[in-house]
Protein chains: 2
Amino acid sequence: MASANPNKQQRSHSRLKAVLDAGAMLFATRGYKATTMRDIASQAGMQPGSLYYHFASKQELLQAIYEIAVEQAQSRLDEAIRSGKNPQAKFEEAIVCHTETMLDQDNYARVMTGVLPGDAPEIEAELTTLRDGYEDSFRRLIRALKLPSKVDRKMLRLFVLGAINATRTWYAPGGKTPRQIGLQIVEILKQPL
Amino acid sequence: MASANPNKQQRSHSRLKAVLDAGAMLFATRGYKATTMRDIASQAGMQPGSLYYHFASKQELLQAIYEIAVEQAQSRLDEAIRSGKNPQAKFEEAIVCHTETMLDQDNYARVMTGVLPGDAPEIEAELTTLRDGYEDSFRRLIRALKLPSKVDRKMLRLFVLGAINATRTWYAPGGKTPRQIGLQIVEILKQPL
DNA sequence: CTAATAACCTAACGTTTGTTTGTCTAAGAT
DNA sequence: ATCTTAGACAAACAAACGTTAGGTTATTAG
């Protein structure tokens with residue numbers, strides 16, 4: 001009969017993962033437009049044309065990486081939320097977790113903030129949908145929070161995520177750890193100015 | 001004698017401003033790499049080659065725009081700071097002002113957050129210096145603030161600026177006004193979570 | 001009026017880009 | 001042992017890119 005293997009990988013020494021890793025690292029640090037297919041191929045140790053065996057276009061490669069990125073971030077976030085005893089603690093754990101995820105060099109998640117809207121117009125809707133799913137976790141966390149009436153929940157979410165996502169522009173290994181940075185933003189939110 | 005005019009513009013109908021406006025608008029919304037010289041020329045109503053009468057390269061055009069951007073933002077910020085009665089009020093005024101500046105479509109300032117580091121490697125140092133000058137105002141404001149001992153001043157600055165700069169990714173005219181958004185971030189900082 | 005030149009235009013240059021094409025090779029199935 | 005094909009390679013393609021060169025026009029100084 002035909003192949004009894006319903007899964008994908010049929011060959012052992014495929015360099016699909018190398019391509020994804022290279023693309024994720026380059027998209028995350030340089031952005032989408034500034035990263036060329038030749039850059040990715042070179043980083044993955046292969047020829048530019050070979051990338052098109054795995055993906056039909058640059059945009060499809062981005063989409064595949066983006067999906068993994070959201071998936072990785074989501075599972076880490078779910079675990080962090082579980083560890084919080086109450087809504088307040090859950091929110092704080094989520095903040096620290098998201099910060100660590102965004103500053104982790106070996107994680108794909110930085111691609112989410114490294115790609116500008118409008119960079120890949122034809123798949124922008126899909127990327128936005130993926131990202132919205134992730135941010136929904138924060139929506140739920142904040143909804144369950146007891147807050148002063150003056151605080152707009154939507155604004156709180158956008159400000160916190162914005163502040164965390166911006167850390168990637170100034171973060172440098174060797175200084176404060178991602179965890180310390182995450183804890184500091186929690187501290188600033190808790191202390192009245 | 002030679003020209004008794006020490007200033008720049010010698011011809012009345014130069015379209016330098018149109019070039020700067022077009023470049024600022026496109027760099028701000030699409031980013032540096034995604035904006036082509038042909039895009040800018042088209043937006044300014046002229047030919048691509050004509051841009052090189054005013055600027056020797058794309059990077060020089062960016063630098064000129066960036067300088068104006070920081071200048072505009074700086075003067076607006078100085079005025080806002082002056083209007084604050086005490087350190088706390090000055091800081092709050094600065095937050096609202098910076099938010100309004102970043103969301104103003106007719107201002108060059110959005111270029112500061114629209115250009116990724118590494119987009120223009122040869123002038124990156126100059127751009128960073130310009131931007132650091134602007135952020136120094138916030139450094140001084142926060143230094144004069146009375147804060148809980150647990151709050152790291154550097155982190156407070158980076159988080160607040162990060163949150164405000166991120167507003168440009170989700171802001172849409174028709175909803176909350178830039179001023180309302182700025183006031184909300186002040187409110188969130190003042191209310192203990 | 002004439003000469004100079006500021007401010008453009010037209011047309012192209014060489015390079016880089018995403019992508020396509022055809023060929024080769026080694027591994028798994030029969 | 002043979003056949004098939006996953007997975008790569010080398011080489012090129014057309015389009016788009018930043019940029020350059022030379023020509024044109026209209027203003028202005030003398």
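Throughout, protein chains are lettered first and strands after them, A, B, ... in sequence-line order, and every chain is numbered starting at 1. Please read these numbers as outputs of a predicted model, since none were measured by experiment.
The nearest whole Å value for the distance from the CG atom in A:Leu51 to the C1' atom in D:dA11 is 16 Å. In this structure, A:Phe55 atom CZ and D:dA8 atom C1' are separated by 15 Å, rounded to whole Å. D:dA8 atom P lies 5 Å from atom CE of A:Met46, rounded to whole Å.
Taking Ile, Leu, Val, Met, Phe, Trp and Tyr as members and joining any whose side-chain heavy atoms lie under 4.5 Å apart, directly or through other members, the hydrophobic cluster of A:Leu116 also contains B:Leu116.
Remark: A:Gln105 engages A:Arg110 in a side-chain hydrogen bond (donor to acceptor under 3.5 Å, both in side chains) (not counting sequence neighbours).
Evaluation of the ring pair (Phe, Tyr, Trp, His ring centres under 6.0 Å) test over residues 140-193 of chain A, restricted to residues two or more places apart or in two chains, returns none.
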Kindly list each side-chain donor-acceptor pair under 3.5 angstrom involving residues 24-33 of chain B, sequence neighbours excluded, with atom names and distances?
from	atom 1	to	atom 2	distance (Å)
B:Thr29	OG1	B:Met25	O	3.0
B:Arg30	NH1	B:Asp39	OD2	3.1
B:Tyr32	OH	B:Gln59	N	3.4

Show me the donor-acceptor pairs within less than 3.5 Å that the side chains of residues 42-54 of chain A make with the rest of the protein, sequence neighbours left out.
from	atom 1	to	atom 2	distance (Å)
A:Ser50	OG	A:Gln47	O	3.4

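Under a 4.0 Å N-O distance rule, the pair A:Arg140/A:Asp136 does not qualify as a salt bridge.
Residue B:Ser14 has its side chain nearest to C:dA7 when only C:dC9, D:dA8, C:dA7 are considered.
Considering only side-chain N and O atoms, B:Ser50 lies under 4.0 angstrom from the phosphate OP1 or OP2 of C:dC9. The phosphate of C:dC8 has OP1 or OP2 within less than 4.0 Å of a side-chain N or O from B:His54. OP1 or OP2 of C:dA7 has not a single side-chain nitrogen or oxygen of B:Arg15 nearer than 4.0 Å. At the phosphate of D:dG7, OP1 or OP2 sits under 4.0 Å from a side-chain N or O atom of A:Tyr53. In this model, the phosphate group of C:dC8 is not approached by any side-chain N or O of B:Gln47 to a distance below 4.0 Å at OP1 or OP2.
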Output a table of nitrogen or oxygen pairs between the protein and nucleotides 15-19 of chain C separated by less than 3.5 Å.
from	atom 1	to	atom 2	distance (Å)
C:dG18	OP1	A:Thr35	O	3.4
C:dG18	OP1	A:Lys58	NZ	2.8
C:dG18	OP2	A:Met37	N	2.9
C:dG18	N7	A:Arg38	NH1	2.9
C:dG18	O6	A:Arg38	NH2	2.9
C:dT19	OP2	A:Tyr52	OH	2.7
C:dT19	OP2	A:Lys58	N	2.7
C:dT19	O5'	A:Tyr52	OH	3.2

